Amino acid sequence: MAGAQSTSSLPRHVAIIMDGNGRWARKRHLPRQAGHVAGVNAVREIVRAATDIGLENLTLFAFSSENWKRPAMEVGALMGLFRLYFRNDMDEIVERGARVRIIGNRSRVEQDIRQMIEEAERRTLGNNGLNLTFAFDYGGQEEIAAAARELARAAAEGRLDPETITPELVSSRLFTSGLPEPDLVIRTSGERRLSNFLLWQSAYAELLFVDTLWPDFDRKEFMDALEQFSQRERRFGALPEAVA
Ligand code: FPP
């Protein structure tokens with residue numbers, strides 16, 4: 001599908017903080033869970049759009065390590081939705097040639113969900129379409145601390161010279177190892193924060209904050225976001241070309 005984008009100006013990696021499900025529900029006098037249900041529909045639509053336009057990498061913030069602090073009923077409802085999503089949508093994801101990865105702390109999620117995650121990763125391992133990554137029980141600071149811990153351990157055991165620690169080496173110890181850094185991070189619902197999402201990886205990402213609540217973020221909004229990205233000038237710390 002051609003869409004509004006030419007492939008050359010597509011970001012290689014788009015990461016999205018899907019925010020605003022609760023407010024979407026409140027506006028309709030519905031329980032928060034209804035907002036999350038609508039949020040899953042938006043996930044489906046954006047994954048379809050991403051595969052249709054041939055995007056290489058899409059990373060979605062599905063559950064943060066802080067989200068466990070929400071009321072048990074809401075956490076339970078979200079977990080139920082993840083189960084449903086993996087059960088209902090995986091065939092389509094496989095058909096669309098996407099490869100699924102989950103980044104985050106797997107040890108805290110219930111065993112059946114862990115198994116579903118592993119199964120989804122296994123089933124899609126050989127796919128070479130969209131890299132579809134879900135950040136689940138994910139926190140950026142914890143991720144960096146875990147990488148530091150691993151490198152420190154190697155240094156303490158004499159397997160690593162601390163002088164050889166480079167940003168590339170740190171990157172290789174993050175959950176996202178092997179994925180390019182995000183070019184574009186979108187957050188919906190008007191909040192202007194990164195909320196511990198891909199902190200290291202977003203060093204040079206373009207940030208786009210849109211007021212739309214996540215359940216209303218549709219294919220058109222996604223295309224508009226990509227269009228806005230294509231008009232930004234990225235310099236990575238260098239001077240603009242006209243000046244250099
Ligand atoms: C933020 O809305 C969203 C989340 C906490 C989780 C995102 C979850 C989904 C989009 C649904 C499930 C996803 C998958 C991959 C199946 P919020 O509750 O913080 O909204 P609020 O700020 O308006 O209260």
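Each ligand, and each atom within it, is numbered from 1 in the order the structure gives. If you're wondering where the values come from, they're calculated on a predicted model, not measured in any experiment.
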ring-ring contact (aromatic ring centres under 6.0 Å, His included) filter on F229, not counting sequence neighbours, yields none
Between D52 and R48, does any NZ, NE, NH1 or NH2 come within less than 4.0 Å of an OD or OE carboxylate oxygen? no
Does anything in residues 145-156 form a side chain to side chain donor-acceptor pair (under 3.5 Å)? List the pairs, not counting sequence neighbours. E150-R173
In this structure, CZ of R114 is separated from CD1 of I102 (nearest 0.5 Å) by 13.0 Å
With F197 via ring-ring contact (aromatic ring centres under 6.0 Å, His included) - residues at least two apart: F61
Between Y85 and F134, is the ring centre distance below 6.0 Å? yes
Check ligand 1 for N or O atoms under 3.5 Å from a protein N or O and list each pair with its distance.
{"unit_1": "ligand 1", "atom_1": "2 (O)", "unit_2": "G20", "atom_2": "N", "d": "3.4"}
{"unit_1": "ligand 1", "atom_1": "2 (O)", "unit_2": "N21", "atom_2": "N", "d": "3.2"}
{"unit_1": "ligand 1", "atom_1": "18 (O)", "unit_2": "R32", "atom_2": "NH2", "d": "2.7"}
{"unit_1": "ligand 1", "atom_1": "18 (O)", "unit_2": "R70", "atom_2": "NH1", "d": "2.9"}
{"unit_1": "ligand 1", "atom_1": "19 (O)", "unit_2": "D19", "atom_2": "OD1", "d": "3.3"}
{"unit_1": "ligand 1", "atom_1": "19 (O)", "unit_2": "R70", "atom_2": "NH2", "d": "2.8"}
{"unit_1": "ligand 1", "atom_1": "20 (O)", "unit_2": "G20", "atom_2": "N", "d": "3.3"}
{"unit_1": "ligand 1", "atom_1": "20 (O)", "unit_2": "N21", "atom_2": "N", "d": "3.1"}
{"unit_1": "ligand 1", "atom_1": "20 (O)", "unit_2": "G22", "atom_2": "N", "d": "3.0"}
{"unit_1": "ligand 1", "atom_1": "22 (O)", "unit_2": "D19", "atom_2": "OD1", "d": "3.1"}
{"unit_1": "ligand 1", "atom_1": "22 (O)", "unit_2": "R23", "atom_2": "NH2", "d": "2.9"}
{"unit_1": "ligand 1", "atom_1": "23 (O)", "unit_2": "G22", "atom_2": "N", "d": "3.3"}
{"unit_1": "ligand 1", "atom_1": "23 (O)", "unit_2": "R23", "atom_2": "N", "d": "2.7"}
{"unit_1": "ligand 1", "atom_1": "23 (O)", "unit_2": "R23", "atom_2": "NE", "d": "2.7"}
{"unit_1": "ligand 1", "atom_1": "24 (O)", "unit_2": "R32", "atom_2": "NH1", "d": "3.0"}
{"unit_1": "ligand 1", "atom_1": "24 (O)", "unit_2": "R32", "atom_2": "NH2", "d": "3.1"}

